[in-house]
Amino acid sequence: MAQGSLFVFFFFSYLLSLVGNGLIIVTITLSPQLNSPMYFFLRTLSFVEICCISSTVPKVLQSFTLMGRTISFTGCVTQFFTFAVAAGCECTILTVMAFDRYMAICHPLRYSSVMRANLCYLLTMVSWIFAVVNAVVHCSLLFRLPYCGSHLIAHFFCDVPPLISLACVNTFSIEVCLLILSATATVIPTVLIICSYINILTSIFQLHSAESRYKAFSTCGSHLVSVVIFYGTAMFVHLRQSIFFL
């Protein structure tokens, strides 16, 4: 009964996310009035979000059935790589969106000349390349380890802590390398986002009109919500993992 309820909950949550992000992509693509860098990056973010949840949720749904509680080594590698690419790209795209809001609010006269279509495509391409390289390095370090024991992990998808716990060798050096990579991939974008919003808030508070301040804040609202959800969820999941594996 409990597994059936969880299946229904995850299924409809997944379906709602697919439909919501799909509608965002279609609406922005078909609406000429939404042809701006902010909506271009929002469309990319919606696509990345679909990739991110699709790398894990279908397997979670399958795990609620009697026939789907295992995953092959190849499937584990594929799932980890896909999720790492999507999560890394989402982190970078959020940083790019912060830069876009910084230019729009702090340098409005230069915004159109700087945030041209070529730069938007370039920033998006760099985000994907960064995410793929980061995922490849993670996989090359993690899946070259010798695994032994029951080959069972107490988790719903192939992530670093449960996989490390299955290794037959001392993994200290690998864990340090993975920690440095993960910190680099998350701390640098986080610092850039914080710096962008410090400058944004400084510019907003210098505006004399309350209406102008409200309008400036409203243009950052959706991005701030996305940042809070992404980093808040990531911190919650990984803190729970860290406590569980202590």
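If you're wondering where the values come from, they're calculated on a predicted model, not measured in any experiment.
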Out of curiosity, does [Y] fall in the hydrophobic cluster containing [X] (side-chain heavy atoms, cut-off under 4.5 Å, transitive links)?
| X | Y | result |
| --- | --- | --- |
| L201 | L192 | no |
| F7 | F9 | yes |
| I164 | V169 | yes |
| I93 | I188 | no |
| F81 | V48 | yes |

Using side-chain heavy atoms (C-beta onward) and a distance below 4.5 Å, is [X] in contact with [Y]?
| X | Y | answer |
| --- | --- | --- |
| L94 | F41 | no |
| Y147 | L145 | yes |
| P162 | D159 | yes |

- Task: Could you walk me through whether L42 and I24 pass the side chain to side chain contact (heavy atoms under 4.5 Å, CB included) test, one step at a time?
- Result: CA-CA 8 Å; L42 182 59; I24 290 174; 4.3 Å; yes
How would you list, by chain and number, every residue that makes a side-chain hydrogen bond (donor to acceptor under 3.5 Å, both in side chains) with [X], sequence neighbours excluded?
| X | result |
| --- | --- |
| T171 | E175 |
| S13 | none |
| S36 | none |

- Starting from the C-alpha separation in whole Å, work towards a yes-or-no answer on ring pair (Phe, Tyr, Trp, His ring centres under 6.0 Å) for Y121 and F40. CA-CA 9 Å; Y121 286 117; F40 172 82; 5.1 Å; yes
Only pairs under 3.5 Å count here: list side-chain donor-acceptor contacts from residues 108-120, not counting sequence neighbours, and write none if there are none.
{"unit_1": "Y111", "atom_1": "OH", "unit_2": "D100", "atom_2": "OD1", "d": "2.6"}
{"unit_1": "S113", "atom_1": "OG", "unit_2": "R110", "atom_2": "O", "d": "2.9"}

Could you state the interatomic distance from [atom1] ([X]) to [atom2] ([Y]), rounded to the nearest 0.5 Å?
| X | Y | atom1 | atom2 | result |
| --- | --- | --- | --- | --- |
| T44 | E90 | OG1 | CD | 11.5 Å |
| C51 | F83 | SG | CZ | 12.0 Å |
| I50 | L45 | CD1 | CG | 10.5 Å |
| L18 | L23 | CG | CG | 11.0 Å |
| Q206 | C106 | CD | SG | 9.0 Å |
| T56 | L61 | OG1 | CG | 9.5 Å |

- Please walk me through it: do I193 and F99 pass side chain to side chain contact (heavy atoms under 4.5 Å, CB included)? CA-CA 8 Å; I193 291 174; F99 172 72; over 6 Å; no
- Message: Quick check: closest heavy atoms across P58 and I53, and the distance to 0.1 Å?
- Response: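 Scanning both residues, the minimum pair turns out to be CD-O, 3.6 Å.
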- Heavy atoms of E49 and N21 approach each other most closely as CG-ND2, 3.7 Å
- Task: Would you please test C76 and F143 for side chain to side chain contact (heavy atoms under 4.5 Å, CB included) and show each step?
- Result: CA-CA 10 Å; C76 184; F143 290 101; 4.0 Å; yes
- Is there a donor-acceptor contact under 3.5 Å linking the side chains of S196 and R101? no
- Message: Any side-chain to backbone donor/acceptor pair from S140 onto V137? Under 3.5 Å, distance only.
- Response: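 Flag set: sc S140 to bb V137 pair under 3.5 Å.
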- Message: Looking at F172, is its backbone amide N or carbonyl O close enough to the side chain of N170 to form a donor-acceptor pair, meaning the two atoms are under 3.5 Å apart?
- Response: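 Here the side-chain-to-backbone pair exists.
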Identify each donor-acceptor pair in which a side-chain atom of residues 125-136 lies under 3.5 Å from a protein atom, sequence neighbours left out, and give them as a table.
{"unit_1": "S127", "atom_1": "OG", "unit_2": "L123", "atom_2": "O", "d": "2.8"}

- Query: Does atom CZ of F11 have more than 12 heavy-atom neighbours from other groups under 6.0 Å away?
  - Reply: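 Result for CZ/F11: open.
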- Hey, is OH on Y14 packed in by over 12 heavy atoms from elsewhere, all under 6.0 Å?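 Yes.
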Using distance only, find each side-chain donor-acceptor pair of residues 179-186 under 3.5 Å and give its atom names and separation, not counting sequence neighbours.
{"unit_1": "S182", "atom_1": "OG", "unit_2": "H138", "atom_2": "NE2", "d": "3.3"}
{"unit_1": "S182", "atom_1": "OG", "unit_2": "L178", "atom_2": "O", "d": "2.9"}
{"unit_1": "T184", "atom_1": "OG1", "unit_2": "I180", "atom_2": "O", "d": "2.7"}
{"unit_1": "T186", "atom_1": "OG1", "unit_2": "S182", "atom_2": "O", "d": "2.7"}
{"unit_1": "T186", "atom_1": "OG1", "unit_2": "A183", "atom_2": "O", "d": "3.4"}

